[in-house]
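Beneath this line is the structure, given in structure tokens, with notes to follow.
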2 protein chains.
Amino acid sequence: MSGPIRVLLADDEHLIRGAVAALLSYEDDLRVVAQAASGAEALAMARAHRPDVAVLDLQMPGGVDGVAVAAELRTVLPDCRTMIVTSHGRPGHLKRALAAGVRGFVPKTVSAQRLAVIIRSVHAGGRYVDPELAADAISAGDSPLTAREAEVLELAADGAPIGDVARRASLSPGTVRNYLSSATAKLSADNRHTAVRIARERGWL
Amino acid sequence: MSGPIRVLLADDEHLIRGAVAALLSYEDDLRVVAQAASGAEALAMARAHRPDVAVLDLQMPGGVDGVAVAAELRTVLPDCRTMIVTSHGRPGHLKRALAAGVRGFVPKTVSAQRLAVIIRSVHAGGRYVDPELAADAISAGDSPLTAREAEVLELAADGAPIGDVARRASLSPGTVRNYLSSATAKLSADNRHTAVRIARERGWL
DNA sequence: CGAAACCGATGACAGATGTCACTGCTGGGA
DNA sequence: TCCCAGCAGTGACATCTGTCATCGGTTTCG
């Protein structure tokens with residue numbers, strides 16, 4: 001009753017994008033109608049080709065990552081289902097993705113056949129989250145950090161001294177120290193640097 | 001006068017590995033004779049199938065990365081040319097790779113067609129290094145860090161306090177501080193944490 | 001041999017950092 | 001309404017860190 005599923009593929013790695021496109025083309029009911037190498041390009045392509053499903057790499061150059069694209073697509077093309085494919089499956093990414101309306105979240109370790117199956121499932125209105133990533137996300141739990149704590153920790157992530165962080169956050173150095181101290185305590189880390197690492201691992205940053 | 005080029009493909013991401021294998025199979029003179037999802041598996045496969053060219057992902061699970069595989073292959077299968085494919089092209093990786101006898105170093109942003117061309121070139125005895133990565137490596141230059149400085153910086157990379165680092169390095173805390181201080185100065189960083197970041201970026205860690 | 005570089009360590013010092021207590025202010029929620 | 005959590009700040013204190021000078025030992029190179 002309907003034509004093939006129209007797929008948008010976004011991945012900055014040409015080798016992978018092209019190769020996946022080739023493999024998916026073996027499936028009669030899937031058609032890759034557009035490809036993109038960055039988040040911005042993905043949005044432009046989506047507007048132009050109006051795909052049924054957008055398969056997005058999580059990390060792409062240019063600041064606009066897969067989740068951002070998904071969030072934008074939800075308003076621009078509400079009928080387009082989105083899914084994320086990624087190499088590094090941090091729990092927090094999964095949460096962000098689901099919050100952005102993403103319906104599929106899979107690691108790149110899956111085979112192309114499985115990917116095709118999942119694309120069909122997502123297109124049909126289903127959801128799919130890699131079981132292992134889901135387990136990680138559940139065990140990681142919710143972030144205990146308040147908004148400001150996370151914000152300040154983010155600004156301190158590059159290892160800059162507190163003075164710099166305070167200036168960038170437009171806060172008093174003392175306040176910054178307090179936030180970093182409480183964040184460090186909540187993550188039971190030795191100092192803010194390990195706190196950053198832990199928060200990153202948990203996907204809370 | 002000779003058969004197709006026998007290729008070993010090693011990448012932990014099944015999606016990519018399978019897809020690249022499929023694309024390379026379009027080339028009449030290339031044949032993917034073995035695939036591996038880890039460094040150890042790659043070595044086993046290489047021993048069993050004796051490929052002409054090994055295409056290795058830089059980062060693979062299990063401690064044995066692409067460069068380690070290449071180094072091992074040089075003694076086990078001296079006739080097998082090796083090349084590295086990677087997503088993150090840090091200058092230092094390139095150096096390590098070349099030192100390990102790798103003859104090709106390309107980012108995953110290349111197309112499959114180009115990869116095929118490069119495989120042929122490497123098999124014919126040529127070398128190929130991505131121009132952009134080469135430029136980065138040259139501009140990054142050699143590491144100014146001494147062996148101990150790099151070692152201590154590595155141990156301090158997780159943000160652990162100096163006492164821990166000293167214990168793990170079996171050094172006096174004072175000595176650790178001195179090494180970290182000189183390393184920080186050489187990298188003109190604010191503190192050891194940013195020094196770690198800079199060294200990582202340059203591939204000196 | 002002498003010089004230079006690296007390794008390992010100590011001591012001293014200033015400044016950065018982590019921790020705690022305490023003060024206001026604000027916006028919910030019971 | 002009161003109470004609590006979060007936000008923003010100050011002050012004080014102990015500790016950690018970064019920096020410097022200095023020492024003795026070793027390798028290596030000219």
Side-chain angles (χ1 to χ4, degrees), chain A residues 92 95-96 99 140-205, chain B residues 92 95-96 99 140-205:
Chain A
K95 282 218 174 112
R96 271 203 313 140
D142 267 331
S143 171
L145 304 177
T146 67
R148 282 293 172 283
E149 282 165 0
E151 192 183 320
V152 173
L153 201 57
E154 170 76 55
L155 287 172
D158 58 357
I162 285 186
D164 289 19
V165 177
R167 228 168 298 116
R168 279 187 282 165
S170 305
L171 285 176
S172 147
T175 305
V176 169
R177 271 194 292 166
N178 285 340
Y179 284 150
L180 289 177
S181 180
S182 69
T184 303
K186 281 177 180 174
L187 302 177
S188 56
D190 282 337
N191 51 50
R192 60 213 165 91
H193 306 286
T194 57
V196 166
R197 199 170 47 73
I198 292 173
R200 279 260 156 84
E201 281 169 6
R202 303 257 227 282
W204 292 339
L205 214 71
Chain B
K95 285 223 171 103
R96 272 203 313 140
D142 268 331
S143 171
L145 304 176
T146 66
R148 283 292 172 285
E149 282 166 357
E151 193 182 319
V152 173
L153 201 57
E154 169 77 54
L155 286 172
D158 59 358
I162 285 186
D164 289 18
V165 176
R167 227 170 297 116
R168 280 188 282 165
S170 306
L171 286 175
S172 148
T175 306
V176 169
R177 271 194 291 162
N178 285 338
Y179 283 149
L180 289 178
S181 180
S182 68
T184 302
K186 282 176 180 176
L187 301 178
S188 53
D190 280 338
N191 52 49
R192 60 214 163 92
H193 306 287
T194 57
V196 166
R197 199 168 47 74
I198 292 173
R200 279 259 158 85
E201 282 169 6
R202 303 257 228 280
W204 291 339
L205 213 70

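Chain naming here is simple, since letters A, B, ... match the order of the sequence lines and numbering starts at 1 in each.
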For [Y], does its backbone N or O pair with a side-chain atom of [X] as donor and acceptor, under 3.5 Å?
{"X": "B:N178", "Y": "B:S181", "value": "no"}
{"X": "B:T175", "Y": "B:L171", "value": "no"}
{"X": "A:T194", "Y": "A:N191", "value": "yes"}

Electrostatic pair A:D158-A:R168, nearest N-O below 4.0 angstrom: yes
Would a 4.5 Å heavy-atom cut-off, applied to side chains only, mark [X] and [Y] as touching?
{"X": "A:E149", "Y": "A:S182", "value": "yes"}
{"X": "A:L187", "Y": "A:L153", "value": "yes"}
{"X": "B:I162", "Y": "B:R192", "value": "yes"}
{"X": "B:D142", "Y": "B:W204", "value": "no"}
{"X": "A:R202", "Y": "A:R197", "value": "no"}
{"X": "B:K186", "Y": "B:T146", "value": "yes"}
{"X": "A:D190", "Y": "B:D164", "value": "yes"}

Could you state the [atom1]-[atom2] distance from [X] to [N], rounded to the nearest angstrom?
{"X": "B:E149", "N": "C:dG8", "atom1": "CD", "atom2": "C1'", "result": "13 Å"}
{"X": "A:L153", "N": "D:dC7", "atom1": "CG", "atom2": "P", "result": "13 Å"}
{"X": "B:Y179", "N": "C:dA5", "atom1": "OH", "atom2": "C1'", "result": "11 Å"}
{"X": "B:L145", "N": "C:dC6", "atom1": "CG", "atom2": "P", "result": "11 Å"}

Touch class at under 4.0 angstrom, heavy-atom based, for B:T175 against every strand present: base
Residue-phosphate contact under 4.0 Å: B:R148 side-chain N/O, C:dG8 OP1/OP2: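 Yes, within the criterion.
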DNA chain D-proximal residues of residues 195-205 of chain B, any heavy atom under 4.0 Å: none
Could you list the protein-to-nucleotides 13-19 of chain D atom pairs, N/O on both sides, closer than 3.5 Å?
{"from": "D:dT17", "atom 1": "OP1", "to": "B:R192", "atom 2": "NH2", "distance (Å)": "3.0"}
{"from": "D:dT17", "atom 1": "OP2", "to": "B:I162", "atom 2": "N", "distance (Å)": "3.3"}
{"from": "D:dG18", "atom 1": "OP1", "to": "B:R192", "atom 2": "N", "distance (Å)": "3.3"}
{"from": "D:dG18", "atom 1": "OP2", "to": "B:R192", "atom 2": "NE", "distance (Å)": "3.0"}
{"from": "D:dG18", "atom 1": "N7", "to": "B:R177", "atom 2": "NH1", "distance (Å)": "3.3"}
{"from": "D:dG18", "atom 1": "O6", "to": "B:R177", "atom 2": "NH1", "distance (Å)": "2.5"}
{"from": "D:dT19", "atom 1": "OP2", "to": "B:S181", "atom 2": "OG", "distance (Å)": "3.3"}

Axis bend over the full length of the helix from C:dC1-D:dG30 to C:dA30-D:dT1, computed from five pairs that close each end, to 10 degrees: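 For the helix from C:dC1-D:dG30 to C:dA30-D:dT1, the axes at opposite ends meet at about 30°.
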